[in-house]
2 protein chains.
Amino acid sequence: MTGVLVVDDDPYLLRALRITLRAHGYDVTVAEDGRAALLAAARTPPSLVILDLGLPDMDGVAVLATLRSWSQVPVLVLSARHGSADKVQALDAGADDYITKPFGLDELLARLRALRRRSLDDAEPTLVTTDAFTVDLGKRRVTRDGEDIRLTPTEWKMLEILVRNPEKLITQQQLLSEVWGPAYAKETNYLRVYMAQLRRKLEPDAGAPRHLLTEAGIGYRFMP
Amino acid sequence: MTGVLVVDDDPYLLRALRITLRAHGYDVTVAEDGRAALLAAARTPPSLVILDLGLPDMDGVAVLATLRSWSQVPVLVLSARHGSADKVQALDAGADDYITKPFGLDELLARLRALRRRSLDDAEPTLVTTDAFTVDLGKRRVTRDGEDIRLTPTEWKMLEILVRNPEKLITQQQLLSEVWGPAYAKETNYLRVYMAQLRRKLEPDAGAPRHLLTEAGIGYRFMP
DNA sequence: GCGGATCTTGATGAATCCTTGATGCCGCCC
DNA sequence: GGGCGGCATCAAGGATTCATCAAGATCCGC
């Protein structure tokens, strides 16, 4: 499902957008100020962001700049200002599109479609290599000795979390709640089963792992 | 040098744009009607296109659609019309941005920067070959053993997305929302039906696919 | 309208994946 | 040395997902 984060302080517009976007199949999250928007974007990264520049707590361009510091998500900016200086500022801060109020909902939907069309070919060239295997986070692919390794969805989720935090200790609870959900925080069994499978598929000697390490009683750690 | 093709029939605007864009480091080509624009774009493919919808010889949207049939170059549309129906039509025909006259030159420049930022990873091969079949993304054609393969519109859309992202895993949700729209993100049935058809038409052995691979529970992947 | 192509929808067996329990190993403390 | 807790491994079941087929429903050009 395509997730859209709508950031605006006008409750009426918010309501209209939520209804319209839901009716067109988007999964809508809303935020009424900049702080809430950044929190929401960090917690559940959306596929698209609609951002009003006139927010009560902080400048819209500042929100955009902060978001851009860690996310490449396409952003469509809303503004009541027609002045070209504002547009220039927003576009240069990293906005992908700019639309002035008032606007037609069909135009907004068309611009969203155009944005999403472009967002697919954002090749995220993050490649993590060890001397045994290579993980391509963008293409979602693992290779070993030139051969593709086939991972199940659960195996991949676990590996992705570990690989995105190299050398960092990930607790069992972190892994369980990220992969299976917070309700599974005590099912440490799952971790053993899947860690064993990952090692069998990736480690040269699954009995003596060198990259997927166990920290007894605490969690696991990935070493490049 | 970034090449910009400017298509407009107003000689004054053309002159102003040429001077301004050259001053900002762009390499400018101009065309005064649709036919000349398409010829120029075909002969020396530009990095960006600025297209006025009001042309003397043919409808601007038709020019855009024709251009889109073989090129993915970012297009910024100029129009004197403020109506949202026009915008929707242009954006759905493949425009990447839309700006109404009159406009500020600094806004135009900012939008051009935003467009160029998004299209950095060009180098788009229009011809993708495997040892079983060949896909010509520009001409929208698929050949196998020298024979043309007939694809339905839906089959083509699906294949195009996969082929434009070689080796990359495309999730079921990405495929569904690109081909059928975001509201269909749960109809994974469609994917199976059409993937089976694509394999029957393209794979030497549809039962053991080598180029259109299934990642169970996640999505599909194209391997050249 | 009519006919053909294309798109939906449902049903079936096969393949894959997740869960769960049992078993054995290792290190540690009593 | 024996008991214990945490870990690794294995295998089987049940659940989910996939491939395939075929029958309507719908769209489109003539």
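Values in this document were obtained by computation on a predicted structure and should not be read as measured data. Naming: A, B, ... by sequence-line order, numbering from 1 per chain.
- Counting only residues at least two apart or in different chains, salt bridge (charged side-chain N to carboxylate O under 4.0 Å, His left out) contacts with residues 46-67 of chain B comprise B:Asp52-B:Lys101.
- Rounded to a whole Å, the NZ atom of A:Lys186 is 18 Å from the P atom of C:dT19.
- End-to-end axis angle of the helix from C:dG1-D:dC30 to C:dC17-D:dG14, from C1' rotation axes over five pairs per end: 30° (rounded to 10 degrees).
- Listed nucleotides C:dT8, C:dC7, C:dC18 differ in distance to B:Thr154; the shortest reach to its side chain belongs to C:dC7.
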Grab the N/O contacts between the protein and nucleotides 22-28 of chain C below 3.5 Å, and write none if there aren't any.
none

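- With rounding to the nearest 0.5 Å, the separation of CG in A:Leu176 from OG1 in A:Thr188 is 7.0 Å.
- When the side-chain contact (heavy atoms from CB on, under 4.5 Å) test is applied to A:Ala36, the partners found at least two apart in sequence or on another chain are A:Ala31, A:Asp33.
- Rounded to whole angstrom, the span from the CD atom of A:Glu155 across to the P atom of C:dT16 amounts to 13 Å.
- Within the 4.0 Å cut-off from OP1 or OP2 of C:dC18, not a single side-chain nitrogen or oxygen of A:Trp180 is found.
- The existence of a salt bridge linking A:Arg68 and A:Asp96 is confirmed by a sub-4.0 Å separation between a basic side-chain nitrogen and an acidic carboxylate oxygen.
- Put simply, CG on B:Leu176 is 11 Å from P on C:dT8, counting in whole angstrom units.
- For the contact set between residues 192-224 of chain B and DNA chain C, defined by any heavy atom under 4.0 Å, the members are B:Val193, B:Tyr194, B:Ala216.
- Every residue two or more places apart in sequence or in another chain that forms a salt bridge (charged side-chain N to carboxylate O under 4.0 Å, His left out) with B:Arg221 is listed here: B:Glu215.
- In terms of position along DNA chain C, the nucleotide closest to B:Arg150 lies nearer the 5' end than the nucleotide closest to the other residue of the pair B:Arg150 and A:Arg150.
- Here CG of B:Asp97 is found 5.5 Å from CZ of A:Arg111. Values are rounded to the nearest 0.5 Å.
- Considering CD of A:Gln172 and NZ of A:Lys186, their distance stands at 12.5 Å, rounded to 0.5 Å.
- Atom P of nucleotide C:dC18 and atom CD of A:Glu187 are separated by 15 Å, given to the nearest angstrom.
- Nucleotides of DNA chain D that come within less than 4.0 Å of any heavy atom of chain A span, from the 5' end to the 3' end, D:dG6 to D:dC10.
- A salt bridge (charged side-chain N to carboxylate O under 4.0 Å, His left out) check over residues 205-214 of chain B, counting only residues at least two apart or in different chains, returns the pairs B:Asp131-B:Arg210.
- Listed by chain and number, the residues in a side-chain contact (heavy atoms from CB on, under 4.5 Å) with A:Arg15 are A:Ile19 (sequence neighbours excluded).
- Residue A:Thr152 places at least one side-chain N or O closer than 4.0 Å to OP1 or OP2 of C:dC18.
- With sequence neighbours left out, B:Gln197 forms a side-chain contact (heavy atoms from CB on, under 4.5 Å) with B:Glu155, B:Val193, B:Tyr194, B:Arg200.
- B:Tyr220 pairs by the ring-ring contact (aromatic ring centres under 6.0 Å, His included) definition with nothing, not counting sequence neighbours.
- Between A:His211 and A:Phe222, the ring planes are tilted. Angles from 30° to 60° get that label.
- Qualifying salt bridge (charged side-chain N to carboxylate O under 4.0 Å, His left out) partners for B:Glu160, counting only residues two or more places apart in sequence or in other chains: B:Arg164.
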Just do the side-chain contact (heavy atoms from CB on, under 4.5 Å) check on B:Thr154 and B:Tyr190 with the steps written out, would you? CA-CA 10 Å; B:Thr154 307; B:Tyr190 294 5; over 6 Å; no
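- Look at OH on A:Tyr190: it is 11 Å from P on C:dC18, rounded to the nearest Å.
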